[in-house]
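Given the structure is predicted, the values throughout are model-derived calculations rather than measurements.
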Amino acid sequence: MKTLREAKIGDTVRIIKLHGEGAVKRRIMDMGLTKGTEVRICKTAPLGDPIEITVRGYELSLRKADAEMVEIA
């Protein structure tokens, strides 16, 4: 299982599944990260957290803990 946290800068990936439960999963889905969505990894902060991604035409900063819950292909 590969997660969004493991993706490299410049990769374009597709979301397969969201892990987590309750409010955390709902918050990730509210940001536009849903099954089947394409995501591009733009850059990471100097210390590696957060990562910046492009999803549905906008830039989104995502903590590594949240990125770990997003399974990709």
Set of side-chain contact (heavy atoms from CB on, under 4.5 Å) partners for I16, sequence neighbours left out: E71, A73
To the nearest 0.5 Å, what is the distance between CG on L4 and CD1 on I51? 4.5 Å
Measure across T3 and E68 and return the closest heavy-atom pair with its distance rounded to 0.1 Å. CG2-O, 3.3 Å
Test item: V55 and I15 side chains (from C-beta on) under 4.5 Å apart, heavy atoms: no
If the condition is side-chain contact (heavy atoms from CB on, under 4.5 Å), which residues does T34 pass it with, not counting sequence neighbours? M29, T37, R56
Please list, chain by chain and in numerical order, all residues satisfying side-chain contact (heavy atoms from CB on, under 4.5 Å) with K64, sequence neighbours excluded. R5, D49
Out of curiosity, L33 CG to R27 CZ, how far, rounded to the nearest 0.5 Å? 10.5 Å
How about K17 and M1: do any of their side-chain heavy atoms sit closer than 4.5 Å? no
Salt bridge (charged side-chain N to carboxylate O under 4.0 Å, His left out) partners of R63, counting only residues at least two apart: D66
Across all chains, not counting sequence neighbours, the side-chain contact (heavy atoms from CB on, under 4.5 Å) partners of T54 are R40, C42, E59
Distance-only donor-acceptor hits, side chain of residues 7-14, under 3.5 Å, sequence neighbours excluded:
from : atom 1 : to  : atom 2 : distance (Å)
D11  : OD2    : K8  : N      : 3.0
R14  : NH1    : G36 : O      : 2.6
R14  : NH2    : E38 : OE2    : 2.9

Quick one: are V39 and I72 in side-chain contact, heavy atoms under 4.5 Å? no
